[in-house]
Amino acid sequence: MHSPEQPLPTFDEVLLCTPQTSEEQVGLFLRRCLIPCPGGDKIYTMLYADELSYDVSCRAEELFQRLQGYNSSYRLIILCNCERENSYLPSAFSHCKVHMIPQRPRAEMQQYLQRHFRVAQPCSSAAAVFKEHMCVGIVASKRAGMGK
């Protein structure tokens with residue numbers, strides 16, 4: 001987010017981990033990150049890596065150790081819930097841990113996201129439902145199961 005024109009991450013740069021994320025999915029993601037290829041300016045991010053099962057986490061660490069030698073300039077961010085930092089993968093990479101504090105004001109980050117999530121020309125799309133023709137929105141309720 002160095003400039004307003006900088007694009008959002010693409011689908012191949014982000015892996016959203018769940019307990020159901022497979023070893024194959026993590027392996028493909030790590031290969032994209034660690035094996036050099038043209039256009040290598042990407043920043044790869046694993047979200048909620050603490051959610052991975054123990055077996056998948058072990059295999060991910062092993063694969064990372066094997067592939068790390070192929071590319072010394074990889075850029076990988078592993079984000080975890082701080083309440084689960086003792087799970088396998090966060091523990092395995094604890095020597096690389098960095099506590100992050102947002103460097104930009106919240107309003108500036110919101111403007112950046114609004115710029116990238118706004119539908120260019122309001123047409124008959126679902127974006128008409130959300131405020132200011134955004135193609136992404138958050139719907140929340142204090143009452144569970146109310147048809148969100």
Side-chain angles (χ1 to χ4, degrees), residues 1-119 125-127 129-131 134-148:
M1 199 184 109
H2 293 288
S3 74
E5 289 77 33
Q6 189 175 12
L8 292 169
T10 58
F11 71 94
D12 64 327
E13 293 176 86
V14 178
L15 178 64
L16 180 60
C17 301
T18 67
Q20 290 75 36
T21 301
S22 69
E23 180 181 337
E24 180 182 12
Q25 290 170 309
V26 175
L28 290 171
F29 178 78
L30 288 174
R31 284 179 179 85
R32 280 195 301 263
C33 173
L34 296 170
I35 296 177
C37 63
D41 293 346
K42 295 182 175 186
I43 300 173
Y44 294 89
T45 307
M46 289 179 72
L47 298 170
Y48 304 116
D50 53 292
E51 294 283 330
L52 294 172
S53 71
Y54 179 80
D55 291 337
V56 172
S57 295
C58 288
R59 301 290 180 270
E61 183 196 13
E62 290 170 9
L63 181 61
F64 178 85
Q65 297 301 334
R66 281 198 324 262
L67 295 177
Q68 187 179 14
Y70 287 101
N71 186 359
S72 61
S73 62
Y74 66 90
R75 299 194 291 180
L76 174 63
I77 299 169
I78 301 174
L79 295 176
C80 303
N81 182 342
C82 64
E83 294 174 3
R84 293 180 42 94
E85 66 185 347
N86 293 327
S87 59
Y88 187 86
L89 213 53
S91 295
F93 290 96
S94 63
H95 63 283
C96 304
K97 183 175 15 178
V98 175
H99 290 283
M100 288 297 301
I101 297 172
Q103 299 298 310
R104 306 273 189 189
R106 182 177 181 170
E108 190 176 326
M109 288 189 280
Q110 287 174 331
Q111 287 175 349
Y112 172 80
L113 292 172
Q114 284 176 348
R115 176 184 172 99
H116 289 285
F117 286 129
R118 184 171 284 121
V119 174
S125 102
V129 174
F130 293 113
K131 181 178 165 186
M134 294 291 141
C135 63
V136 174
I138 296 174
V139 178
S141 173
K142 293 181 181 180
R143 294 175 56 195
M146 297 306 294
K148 293 178 285 297

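Being a predicted model, the structure only gives us computed values, none of them experimental.
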If you compare all heavy atoms of [X] against all heavy atoms of [Y], which two are closest, and at what distance to 0.1 Å?
X: Asp50; Y: Cys80; value: OD1-CA, 3.2 Å
X: Ser57; Y: Leu89; value: O-CD1, 3.6 Å
X: Ser91; Y: Ser87; value: OG-O, 2.9 Å
X: Lys42; Y: Tyr44; value: CD-OH, 3.6 Å

Determine whether [X] and [Y] make a side-chain contact, defined as any pair of heavy atoms from C-beta on separated by less than 4.5 Å.
X: Glu51; Y: Arg84; result: yes
X: Thr18; Y: Tyr48; result: no
X: Arg31; Y: Leu67; result: yes
X: Val56; Y: Gln25; result: no

For Phe11, what residues pass the ring pair (Phe, Tyr, Trp, His ring centres under 6.0 Å) criterion, not counting sequence neighbours?
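Phe11 satisfies ring pair (Phe, Tyr, Trp, His ring centres under 6.0 Å) with no other residue.
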Counting only N and O atoms by type, is there a donor-acceptor contact under 3.5 Å from the side chain of [X] to the main-chain atoms of [Y]?
X: Glu13; Y: Ile43; answer: yes
X: Arg115; Y: Gln111; answer: no
X: Asn71; Y: Ile35; answer: no
X: Glu61; Y: Cys58; answer: no

Is there a donor in the side chain of Asp12 and an acceptor in the side chain of Thr10, or the other way round, less than 3.5 Å apart?
yes
Apply the test side chain to side chain contact (heavy atoms under 4.5 Å, CB included) to residues Leu15 and Leu47: give CA-CA distance (whole Å), side-chain angles for both, the deciding distance (0.1 Å), then the verdict.
CA-CA 6 Å; Leu15 178 64; Leu47 298 170; over 6 Å; no
Using a cut-off of 6.0 Å, state whether more than 12 heavy atoms not belonging to Phe93 lie near its atom CZ.
yes
Gln65 atom CD, neighbour heavy-atom count above 12 within 6.0 Å
yes
Could you measure the distance from the [atom1] atom of [X] to the [atom2] atom of [Y]? Nearest 0.5 Å is fine.
X: Ile78; Y: Phe64; atom1: CD1; atom2: CZ; value: 6.5 Å
X: Leu63; Y: Leu28; atom1: CG; atom2: CG; value: 9.5 Å
X: Leu76; Y: Thr45; atom1: CG; atom2: OG1; value: 7.5 Å
X: Glu24; Y: Arg59; atom1: CD; atom2: CZ; value: 14.5 Å
X: Leu113; Y: Glu108; atom1: CG; atom2: CD; value: 11.0 Å
X: Cys33; Y: Gln68; atom1: SG; atom2: CD; value: 10.0 Å

